[in-house]
Amino acid sequence: MAAFTHYHHHHHHHLPNAELRRLFHRLTIASSLSILCFSLVYLLTGCCQSGVVENSDIRPPTPWFLTPLKLYERNGTGASGEASLGEGAVTDHAGLEANISGKEWTASRRLPHALIIGVKKGGTRALLEFLRLHPDIRALGSEPHFFDRHYARGLDWYRSMMPKALDGQIVMEKTPRYFVTVETPARVHAMSQDVKLIVVVRDPVTRAISDYTQIISKTPDIPSFKNLAFKNRTTGQIDAQWSPLWIGLYAQHLERWLAWFPRSQFHLVSGERLISDPAGEVGKVQDFLGLQRIITDKHFYFNKTKGFPCLKKPEGSSKPHCLGKTKGRTHASIDPELIQTLRDFYRPHNQRFYQMAAQDFGWQ
């Protein structure tokens with residue numbers, strides 16, 4: 001009996017401690033294993049991912065628990081041969097499904113929400129490069145020419161061209177030919193009735209000379225500007241069908257677009273002000289796109305040699321970024337008398353355009 005009470009007493013005191021120890025031991029092993037499993041899963045998904053994402057996306061994704069609540073991505077590199085601003089610093093959170101505050105953060109390819117539709121030699125490349133600094137803009141670097149040249153390839157092909165974007169990010173591309181191509185407005189409307197349309201316009205006379213300058217850089221043996229600008233030199237009749245002059249008939253082109261979209265879906269950017277006050281013009285574009293004004297004057301400096309603004313130290317690079325060698329070319333010299341003739345020719349067209357745009361661009 002004494003032995004029994006002794007045993008009972010002993011049992012009563014020591015077993016719970018041993019069980020607690022054992023339980024603690026098990027818990028430690030279990031938690032270590034779960035951490036190990038989690039790490040393995042993360043490593044594996046990370047490795048698989050780097051094989052899946054595009055070449056520019058070399059880094060493994062950031063695990064969701066290390067990322068701020070809003071997953072910002074830098075912009076993709078352009079296939080246009082021009083250095084993209086976030087060069088070599090692209091992170092695609094492809095398939096990274098982190099359920100933060102009940103929202104899935106998954107990057108996917110989507111059709112564009114906004115298009116820079118024109119105009120050629122107006123400053124579209126500069127605008128696109130400036131906008132790509134915004135963390136909520138995902139822009140395609142090259143010009144896809146979908147609505148004018150490759151429409152037969154279909155919307156799925158077009159979507160596959162787009163950079164991956166997260167919810168809330170704006171996908172965009174620029175193809176300046178869209179503004180002047182007859183079939184384009186209807187095709188864009190068929191894709192989306194709510195798409196936002198941006199047109200960079202510039203004094204049509206300087207735009208035409210810039211256009212001609214680009215043409216002779218590629219085909220040096222073409223006739224002079226004067227020969228091409230006139231249908232008839234004797235009567236002084238301007239050839240409005242010649243592409244460099246025809247593109248500058250902005251009212252005519254905008255009218256075609258307004259048959260499909262309300263004026264409120266267009267934003268007109270002054271090519272001249274994009275040079276003299278880049279932050280101001282880009283600020284208005286950010287407002288139009290419903291974005292916070294993140295790109296401000298602290299992002300720009302003026303390059304006196306090129307004669308236009310460049311970006312200060314883009315992300316992931318220690319050197320400032322200016323547009324390529326083809327930008328800021330010295331214009332072909334044109335007879336001042338011909339320039340006056342062209343100014344007179346464009347005056348009524350410009351006046352009509354100012355009325356449609358409800359703004360005076362101040363072209364002489």
Would you say the side-chain atoms of [X] pair up with the backbone N or O of [Y], donor to acceptor, closer than 3.5 Å?
X	Y	result
S192	V195	yes
Y250	H349	no
T181	T184	no
Q169	L166	yes
T219	I222	no
E183	D148	no
R153	Y158	no
R263	F266	yes
R233	K226	no
Q286	I295	yes

Tell me yes or no: between the side chains of [X] and [Y], is some donor less than 3.5 Å from an acceptor?
X	Y	answer
T296	K298	yes
N232	T234	yes
Q351	Y346	no

Check [Y] with [X], please: is the shortest side-chain N to carboxylate O separation under 4.0 Å?
X	Y	result
R347	D344	yes
D211	R207	yes
D167	R110	yes
E143	K174	yes

As a quick check of understanding, evaluate side chain to side chain contact (heavy atoms under 4.5 Å, CB included) for F130 and I137, giving each step before the final call.
CA-CA 11 Å; F130 296 164; I137 288 177; over 6 Å; no
Which class fits the ring pair Y354 and W363: parallel under 30°, tilted 30 to 60°, perpendicular over 60°?
tilted
Evaluate the ring planes of F288 and H267, with Trp represented by its six-membered ring, and classify them as parallel (under 30°), tilted (30 to 60°) or perpendicular (over 60°).
parallel
Which is it for L111 and M162 under the side chain to side chain contact (heavy atoms under 4.5 Å, CB included) test, yes or no, and what are the steps along the way?
CA-CA 7 Å; L111 289 168; M162 294 301 139; 5.7 Å; no
Apply the test side chain to side chain contact (heavy atoms under 4.5 Å, CB included) to residues M191 and R187: give CA-CA distance (whole Å), side-chain angles for both, the deciding distance (0.1 Å), then the verdict.
CA-CA 7 Å; M191 172 192 76; R187 291 171 173 182; over 6 Å; no
Can you sort out the partners of E255 under salt bridge (Lys or Arg N to Asp or Glu O under 4.0 Å), two or more places apart, ordered by chain and number?
R352
Show me the donor-acceptor pairs within less than 3.5 Å that the side chains of residues 236-249 make with the rest of the protein, sequence neighbours left out.
from: D239; atom 1: OD1; to: Q241; atom 2: N; distance (Å): 3.1

Please check if the number of heavy atoms outside Q193 that lie under 6.0 Å from its CD is greater than 12.
no
More than 12 foreign heavy atoms under 6.0 Å from CD of Q364: is that the case here?
no
Partner of I170 under side-chain contact (heavy atoms from CB on, under 4.5 Å), picked from H134, K196, H113, is H113
Determine, step by step, whether R159 and D156 satisfy the salt bridge (Lys or Arg N to Asp or Glu O under 4.0 Å) criterion, reporting the C-alpha distance in whole Å, the side-chain angles of both residues, the deciding distance to 0.1 Å, and the verdict.
CA-CA 5 Å; R159 186 190 283 110; D156 286 339; 2.9 Å; yes
Could you walk me through whether F261 and H189 satisfy the ring pair (Phe, Tyr, Trp, His ring centres under 6.0 Å) test, starting with their C-alpha distance in whole Å, then the side-chain angles of each, then the deciding distance to 0.1 Å, before giving a yes or no?
CA-CA 8 Å; F261 295 97; H189 188 268; 5.3 Å; yes
Verdict with reasoning, I216 to F225, per side chain to side chain contact (heavy atoms under 4.5 Å, CB included)
CA-CA 10 Å; I216 49 173; F225 185 91; over 6 Å; no
